[in-house]
K.L.:
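Starting off with a structure, shown below.
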Amino acid sequence: NEALDHYYIIREGEKYGYANGLNNVIKPCVYDHVTLFDYKRMDRVLDHLGMTDKYQHCEMCQADWNKYDEFLKSHGDEYPYVLDHDTEINEPHSDGCALLFLKDKLVSSSQKWGIVNLKKNLETPIRYNHVHTGKLFSYFGKIAVDVEGKWGLFDFEKFTQIVDCQYDFIDFYNDKYIRYYQNGLCGLMDSDGNKLTEAVYLKIKKLSDGFFRVKRGDKWGFINERGEEIISCNFDKLEDFNYGLAKYYDGELFGFINHNGDKVTNPQYSDSKILPDGQTQVKKGLYWGVLNSDGTEFLPTEYTEIVSFPESVIGVKQEEGEISLSSTGAVLKCKDYRLLDADHICIYEQNKWKLFYLNGKAVLGDLFDEIDTLAQGKVLCLKHGSRYALYNLKEHKYITGYVYDDWFFCDNNRIAISKNGLWGFLDNNGEELIPCEIENLYNWFGHISYFGSININCDKYGNGIWHP
């Protein structure tokens with residue numbers, strides 16, 4: 001019966017218990033507190049008390065908890081619990097009070113906590129001073145439990161404590177690992193409570209590229225996912241691995257080490273950026289270059305700009321009124337430039353723009369007052385004199401003639417265009433969506449409104465564009 005999987009909190013005097021959806025008492029009212037489960041109920045009560053913005057499902061101070069509790073005592077019937085057995089709520093709400101899966105609930109009596117499985121009618125002794133779930137529970141089905149200031153781990157699936165209460169604290173780490181603290185130091189265990197390292201580190205940072213960055217004393221190193229210290233803690237400053245490389249510092253400059261701890265470059269760089277394909281853009285002095293994931297040089301540090309496209313990385317060097325391109329070696333005279341994609345560039349010279357291939361050959365012989373990219377770079381909007389035209393950059397052909405007097409970009413699929421003072425819409429292929437018959441059109445915070453003989457609204461994705 002589905003009703004058996006729905007539970008209610010019941011109250012008798014100052015004590016609390018549970019009933020199921022058939023109104024059968026599952027646990028009698030013998031507990032001082034039981035945990036909260038229904039976010040919707042919590043939201044409604046917090047909203048009534050004016051505390052919604054203040055908490056948003058995080059820890060609640062004791063004073064506000066008292067307000068919440070007093071409100072439920074007098075208005076609880078107006079805010080019933082309706083619980084779904086698939087509901088998953090994990091963040092803590094009050095001091096020591098944690099939210100768990102529906103079938104695993106916390107109960108409290110005499111300032112201590114126990115754990116109850118209502119479906120299986122299992123219950124621990126009420127012996128824990130504090131409990132902590134958060135992502136420990138959502139990832140592992142585990143809860144950190146405290147007895148007299150020492151923490152251990154409780155496994156909900158096995159419904160047994162798997163790590164004795166012996167540590168100063170136990171902390172969720174990620175979907176496989178848990179940190180534990182002892183005597184001011186921390187170590188690593190897996191999600192079943194097996195120790196991977198002793199508590200010898202001041203800090204254990206996030207897992208990145210299969211390695212944890214750790215600090216022992218005042219030096220940094222790396223351990224792997226088995227807890228083995230692969231790179232000894234000999235570095236004054238390290239950063240996490242990304243695509244096979246990690247920064248190490250000498251003063252303000254840095255170099256890179258690989259997964260073996262080998263120094264693949266000297267400390268000579270002042271800035272870096274990770275490129276989408278896993279290469280690393282690095283800055284030395286005033287110029288940029290690119291390193292491969294093994295630390296070898298892909299582009300020397302001699303470019304004023306590095307531009308990354310899905311199919312290539314291009315270095316541009318600009319000086320004394322000209323630019324040179326790494327991909328082709330072409331040199332073009334210009335005051336300004338804009339790389340459009342891996343094959344095309346527009347340059348600005350003598351107050352006009354011109355379109356070129358990266359090898360320096362002109363795409364079009366015309367000079368343009370403006371060149372703008374649309375449709376993720378596939379289409380250009382070209383201005384010649386006072387008129388605009390659309391040009392397909394991939395197929396190298398005009399989509400429209402120079403017939404439009406204004407335009408603006410709606411989204412990746414639609415362009416608003418104006419002809420003889422009236423507005424319409426084209427798609428990126430130049431196909432007419434709405435003819436130029438609209439008298440007034442406004443781009444209002446990403447939403448298009450237009451009025452005249454027809455009155456229509458559309459959002460920034462073009463939804464609602466039609467022509468009656």
K.L.:
Less than 6.0 angstrom separating the ring centers of Tyr287 and Tyr303, yes or no?
P.N.:
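No, the ring of Tyr287 stays outside the 6.0 Å limit from the ring of Tyr303, centre to centre.
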K.L.:
Can you say whether the rings of Tyr177 and Phe212 are parallel (under 30°), tilted (30 to 60°) or perpendicular (over 60°)?
P.N.:
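Plane angle over 60°, so perpendicular.
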K.L.:
Using a 4.5 Å cut-off on heavy atoms from C-beta on, say whether the side chain of Ser293 contacts that of Leu245.
P.N.:
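SC-SC contact between Leu245 and Ser293 ruled out.
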K.L.:
So, taking the atom named CG in Asp336 and the one named CD1 in Ile347, what distance separates them when rounded to the nearest 0.5 Å?
P.N.:
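Nearest 0.5 Å value for the CG-CD1 distance: 10.0 Å.
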K.L.:
Go through Lys378 and Leu393 one step at a time and tell me if the side chain to side chain contact (heavy atoms under 4.5 Å, CB included) criterion holds.
P.N.:
CA-CA 6 Å; Lys378 295 182 294 186; Leu393 189 58; over 6 Å; no
K.L.:
Under the rule for side-chain contact (heavy atoms from CB on, under 4.5 Å), what residues qualify as partners of Asn292, not counting sequence neighbours?
P.N.:
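Applying side-chain contact (heavy atoms from CB on, under 4.5 Å) to Asn292 gives Gln279, Asp294, Thr296, Phe298.
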K.L.:
Please tell me if the side chains of Trp288 and Val282 come closer than 4.5 Å, counting only heavy atoms from C-beta onward.
P.N.:
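Heavy-atom side-chain distance check fails, nothing below 4.5 Å.
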K.L.:
Mind listing the closest non-hydrogen atom pair of Gln182 and Ala199 along with its distance?
P.N.:
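That closest heavy-atom pairing would be CB-CB, 4.1 Å.
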K.L.:
Could you work out, with side-chain hydrogen bond (donor to acceptor under 3.5 Å, both in side chains) as the rule, every residue matching Tyr391, not counting sequence neighbours?
P.N.:
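Counting only residues at least two positions away or on another chain, Tyr391 forms no side-chain hydrogen bond (donor to acceptor under 3.5 Å, both in side chains).
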K.L.:
What residues form a side-chain hydrogen bond (donor to acceptor under 3.5 Å, both in side chains) with Lys284, not counting sequence neighbours?
P.N.:
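Applying side-chain hydrogen bond (donor to acceptor under 3.5 Å, both in side chains) to Lys284 gives Gln268.
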K.L.:
Using 30° and 60° as the class limits, which term best fits the ring planes of Phe154 and Tyr128: parallel, tilted or perpendicular?
P.N.:
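Correct class here is perpendicular.
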K.L.:
Quick one: do Phe222 and Phe241 satisfy ring-ring contact (aromatic ring centres under 6.0 Å, His included)? Show the steps, please.
P.N.:
CA-CA 9 Å; Phe222 286 98; Phe241 275 108; 4.5 Å; yes
K.L.:
Got a second to check how far Ile162's CD1 is from Asp192's CG, nearest 0.5 Å?
P.N.:
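Those atoms lie 6.0 Å apart.
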K.L.:
Just jot down the ring-ring contact (aromatic ring centres under 6.0 Å, His included) partners of Trp220, sequence neighbours excluded, or say none.
P.N.:
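Trp220 satisfies ring-ring contact (aromatic ring centres under 6.0 Å, His included) with no residue once adjacent residues are dropped.
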K.L.:
Do other residues, nucleotides or ligands put more than 12 heavy atoms under 6.0 Å from Lys195 NZ?
P.N.:
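Yes, the 6.0 Å shell around NZ holds more than 12 heavy atoms from other groups.
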K.L.:
Just do the side chain to side chain contact (heavy atoms under 4.5 Å, CB included) check on Lys273 and Thr280 with the steps written out, would you?
P.N.:
CA-CA 6 Å; Lys273 301 175 184 178; Thr280 302; over 6 Å; no
K.L.:
Which side chain to side chain donor-acceptor pair (under 3.5 Å) pairs, counting each pair once, include a residue from residues 309-325, with sequence neighbours left out?
P.N.:
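For residues 309-325: none.
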K.L.:
Can you tell me if Ser326 uses its side chain to pair, donor with acceptor, with the backbone of Gly315 under 3.5 Å?
P.N.:
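Present.
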K.L.:
Quick one, Thr265 with Leu291, criterion side chain to side chain contact (heavy atoms under 4.5 Å, CB included). Give me CA distance, side-chain angles, the key distance, then yes/no.
P.N.:
CA-CA 10 Å; Thr265 73; Leu291 300 179; 4.2 Å; yes
K.L.:
Hey, does Val313 have a side-chain heavy atom less than 4.5 Å from the side chain of Val307?
P.N.:
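Sidechains of Val313 and Val307: no contact.
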K.L.:
Compare all side-chain heavy atoms of Ile178 with those of Ile170 and state whether any distance is below 4.5 angstrom.
P.N.:
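Ile178 reaches Ile170 side chain to side chain.
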K.L.:
Nearest 0.5 Å, please: how far is SG in Cys29 from CD in Glu12?
P.N.:
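Answer rounded to 0.5 Å: 5.0 Å.
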K.L.:
Run the numbers on Leu355 and Leu380 for side chain to side chain contact (heavy atoms under 4.5 Å, CB included), then give the verdict.
P.N.:
CA-CA 10 Å; Leu355 186 61; Leu380 299 181; 3.8 Å; yes
K.L.:
For Ser308 and Leu275, indicate whether the former's side chain and the latter's backbone hold a donor-acceptor pair under 3.5 Å.
P.N.:
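A pair under 3.5 Å: no.
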K.L.:
Taking the six-membered ring for Trp, are Phe169 and Trp151 parallel (under 30°), tilted (30 to 60°) or perpendicular (over 60°)?
P.N.:
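Perpendicular.
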K.L.:
Measuring from Leu358:CG to Leu339:CG, what's the distance to the nearest 0.5 Å?
P.N.:
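Answer for the CG-CG pair, Leu358 versus Leu339, is 6.0 Å.
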K.L.:
Please list all pairs meeting side chain to side chain donor-acceptor pair (under 3.5 Å) that have one or both residues in residues 226-252, counting only residues at least two apart or in different chains.
P.N.:
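As it turns out, the side chain to side chain donor-acceptor pair (under 3.5 Å) pairs with a partner in residues 226-252, which skip direct neighbours, are Tyr201-Glu229, Arg213-Asp240, Arg216-Glu229, Lys219-Asp236, Asn224-Glu228, Arg226-Glu228, Glu239-Tyr249, Lys247-Ser272.
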K.L.:
Using 4.0 Å as the upper bound for N to carboxylate O, is an ion pair formed by Lys394 and Asp341?
P.N.:
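Salt bridge present between Asp341 and Lys394.
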K.L.:
So Met189 and Tyr167, do their side chains get closer than 4.5 Å, heavy atoms only?
P.N.:
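Side chain of Tyr167 against side chain of Met189, heavy atoms only: contact under 4.5 Å found.
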K.L.:
Any donor and acceptor pair, going by atom type alone, linking the side chain of Asp171 with main-chain N or O of Arg179 inside 3.5 Å?
P.N.:
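Flag not set: sc Asp171 to bb Arg179 has no pair under 3.5 Å.
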K.L.:
Would a distance-only check, ignoring hydrogens and angles, find a side-chain to backbone donor-acceptor pair under 3.5 Å from Asn359 to Lys361?
P.N.:
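Indeed, once roles are kept as given, a pair shorter than 3.5 Å links the two residues.
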K.L.:
Strictly distance-based, threshold 3.5 Å: is any side-chain N or O of Thr304 a donor or acceptor partner for the main-chain N or O of Val316?
P.N.:
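Confirmed, Thr304 side chain pairs with Val316 backbone.
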K.L.:
So that I can tick it off, tell me whether Asp271 and Lys283 are bridged by a salt bridge, with the cut-off set at under 4.0 angstrom between side-chain N and carboxylate O.
P.N.:
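Between Asp271 and Lys283 there is no salt bridge, as every charged N stays at least 4.0 Å from the carboxylate O atoms.
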K.L.:
May I ask you to check whether Phe356 and His344 place their ring centres under 6.0 Å from each other?
P.N.:
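Not close enough - the centres of the two rings lie 6.0 Å or further apart.
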K.L.:
Between the side chain of Asn258 and the main-chain N/O of Asn260, is any donor-acceptor distance below 3.5 Å?
P.N.:
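Indeed, once roles are kept as given, a pair shorter than 3.5 Å links the two residues.
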